[in-house]
Amino acid sequence: MPSLASLSLLLLCVWSSVATSWGTRVRYTPDWDSLDSRPLPAWFDEAKFGIFVHWGVFSVPGFGSEWFWWRWKGQHDVACLLFMLKNYPLGFSYPEFAPLFRAEFFDPESWTELFEAAGAKYVVLTTKHHEGFTNWGSPVSWNWNSVDTGPHRDLVGDLGAALRKRNLRYGLYHSLFEWFHPLYLSDKAAGFKTQDFVRSKTLPELYDLVQRYNPDLIWSDGEWEAPDSYWNSTDFLAWLYNHSPVKDKVVVNDRWGAGCACKHGGYYNCEDKFTPGKLPGHKWEKCTSVDTYSWGYRRDMRLSELLDLPTIIRDLVQTVSLGGNYLLNVGPTAEGTIPVVFEERLRGVGAWLRVNGDAIYSSRPWHVQSENSTVPIWYTSRDSLVYAIFFQWPAGNRLELTTPKTSPATNVTMLGSPKLLKWTPLGVTGLSVLLPPPGPPYRTAPPAWTVRLQGVA
Ligand SMILES: *[C@@H]1O[C@H](CO)[C@@H](O)[C@H](O)[C@H]1NC(C)=O
Ligand SMILES: *[C@@H]1O[C@H](CO)[C@@H](O)[C@H](O)[C@H]1NC(C)=O
Ligand SMILES: *[C@@H]1O[C@H](CO)[C@@H](O)[C@H](O)[C@H]1NC(C)=O
């Protein structure tokens, strides 16, 4: 005999499943007004930190950057010409690098272990960069894909399987254009009035990627030479949001045609490495690279050209404080290894996040983003908690925060320790916190600390 409570529970379930099926009946139309109105799936804002991976045939020459082919053959850059003359036979062509892309040490499990240890919640892999080489067996990239040549392996699929086992979200980077594809060049010569390249290459590959790999995110790029009407981006996105197998969870960025960045799509990247000056009204992501000169692996990189750990953590904190996600790039080698200097940076971020992650994951911007009191402070919040993050230890162990309004019930702790810290009000607003004396564990952690405030406004 069902009780009244279980009956009403049943009714509630029936009602909510009806409501859900009504909900999914929202149909997006292929125009920006409609597509831009789609709410961003919540996981993305909660994730805050992801790893970007640029990997492809460009990892073989590993010279200058992943734009090597373009610099060499498109721009006739002297450094690239000399590099080829000195190191390769005369007449050596870029496609001849592909068989040298072997990925013989590629172990998706150990990459994934590293990304998880870094504290990342999602990973974005280049499935195809502007060179056009696909890291999966694309049926429309004949002989220019990682299954037919080079690694002879489905790199996109193998990494995805490993990430899923550890519950990391999977993002697929995809370049709309290709520098030297003959159909792209002929469409371009026709002022993008023809769409032969889009019909036979771009769109089939985008649909194939979605259906094969069920991505959580599509990181579009290479859009800037042609309008979204050439790429048929709005048709693709309407399908993605209405009918695709990932319609409820998928997140996309803003690079879907010339002029779309920072205006249309899902979250905004705006430009590479873009940071807004103040809190934007739209979800955004900062993508940046440990190697400041390149996204792809380059054999000529030097230590002094890399972001150091304090810089990375400061950048991550400021980005999150301003409502952004932080997507940090590493370039694996053609052999399939992640250079150990990148690994060291990533593990360093993870070590910091293990102590300070409460201030980052699932946090929200506070009503003030930063202030300069005794030392610069960046704020985040979560429910009624406020986090103040700082990168310099204040003189006399006295940290002054001028914005929070305290009450007698306010209490203050530091992440990494449960101990309540002594504090005194500064005036109408603000407080002065007596930090524990310098020494372990706080001063040995990577140089950023978090004070947690409970009961402030
Ligand atoms: C692009 O979309 C238009 C309008 O929906 C359609 O007529 C055209 O066939 C599409 N082009 C391709 C290449 O899919
Ligand atoms: C804090 O100081 C830095 C450096 O002087 C300055 O660039 C920044 O705009 C200041 N921030 C605020 C919130 O006043
Ligand atoms: C800290 O402050 C909050 C809000 O004022 C209060 O609910 C909580 O009990 C306090 N915790 C301790 C350990 O005093």
Side-chain angles (χ1 to χ4, degrees), residues 24-40 56 70 126-145 148 156 171-269:
T24 56
R25 242 183 272 156
V26 174
R27 280 285 174 266
Y28 295 98
T29 50
D31 54 83
W32 290 122
D33 277 350
S34 171
L35 297 169
D36 290 347
S37 74
R38 176 177 180 257
L40 196 70
W70 179 252
T126 52
T127 63
K128 182 198 82 166
H129 199 257
H130 314 324
E131 64 187 10
F133 186 87
T134 62
N135 282 334
W136 83 103
S138 165
V140 294
S141 190
W142 186 76
N143 235 14
W144 193 231
N145 68 74
D148 290 341
V156 177
L172 304 182
Y173 167 106
H174 170 269
S175 173
L176 294 167
F177 93 131
E178 295 173 23
W179 292 312
F180 299 112
H181 197 291
L183 292 179
Y184 179 71
L185 295 178
S186 69
D187 285 349
K188 186 173 167 175
F192 298 115
K193 297 286 185 276
T194 55
Q195 284 184 301
D196 295 334
F197 175 68
V198 177
R199 183 173 297 107
S200 54
K201 190 74 174 28
T202 315
L203 287 177
E205 285 186 341
L206 273 173
Y207 286 100
D208 188 33
L209 281 170
V210 171
Q211 281 160 333
R212 270 195 217 218
Y213 302 114
N214 287 340
D216 299 286
L217 192 164
I218 298 177
W219 211 101
S220 184
D221 193 21
E223 82 294 1
W224 56 83
E225 291 188 344
D228 60 78
S229 53
Y230 169 71
W231 299 116
N232 268 25
S233 299
T234 54
D235 291 82
F236 169 73
L237 290 172
W239 171 80
L240 188 71
Y241 294 171
N242 291 331
H243 304 293
S244 80
V246 293
K247 62 184 164 61
D248 296 324
K249 66 168 184 178
V250 75
V251 166
V252 306
N253 66 348
D254 56 352
R255 298 187 178 175
W256 296 100
C260 286
C262 243
K263 265 210 206 104
H264 297 302
Y267 70 81
Y268 295 166
N269 281 120

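Remember, it's 1-based here, ligands and their atoms both numbered in the order they're listed.
Taking the six-membered ring for Trp and the full ring otherwise, Trp179 and Tyr184 have centroids separated by 6.0 Å or more. You'll find the ring centres of His174 and Trp231 outside the 6.0 Å limit.
Between Trp136 and Asp208, the side chains place a donor N or O and an acceptor N or O closer than 3.5 Å (distance only, hydrogens not considered). Side-chain polar atoms of Asp254 and Tyr267 form no donor-acceptor pair below 3.5 angstrom.
Using a 4.5 Å cut-off on side-chain heavy atoms (C-beta onward), Trp32 and His264 make contact.
Considering OG of Ser244 and CZ of Phe236, their distance stands at 7.5 Å, rounded to 0.5 Å.
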One line per pair, note the atom names and distance for all nitrogen or oxygen contacts under 3.5 Å between ligand 1 and the protein.
| residue | atom | partner | partner atom | Å |
| --- | --- | --- | --- | --- |
| ligand 1 | 2 (O) | Asn232 | OD1 | 3.3 |
| ligand 1 | 2 (O) | Asn232 | ND2 | 2.4 |
| ligand 1 | 5 (O) | Asp235 | OD2 | 3.0 |
| ligand 1 | 11 (N) | Gln195 | OE1 | 3.4 |
| ligand 1 | 11 (N) | Asn232 | ND2 | 2.7 |
| ligand 1 | 14 (O) | Asn232 | ND2 | 3.2 |

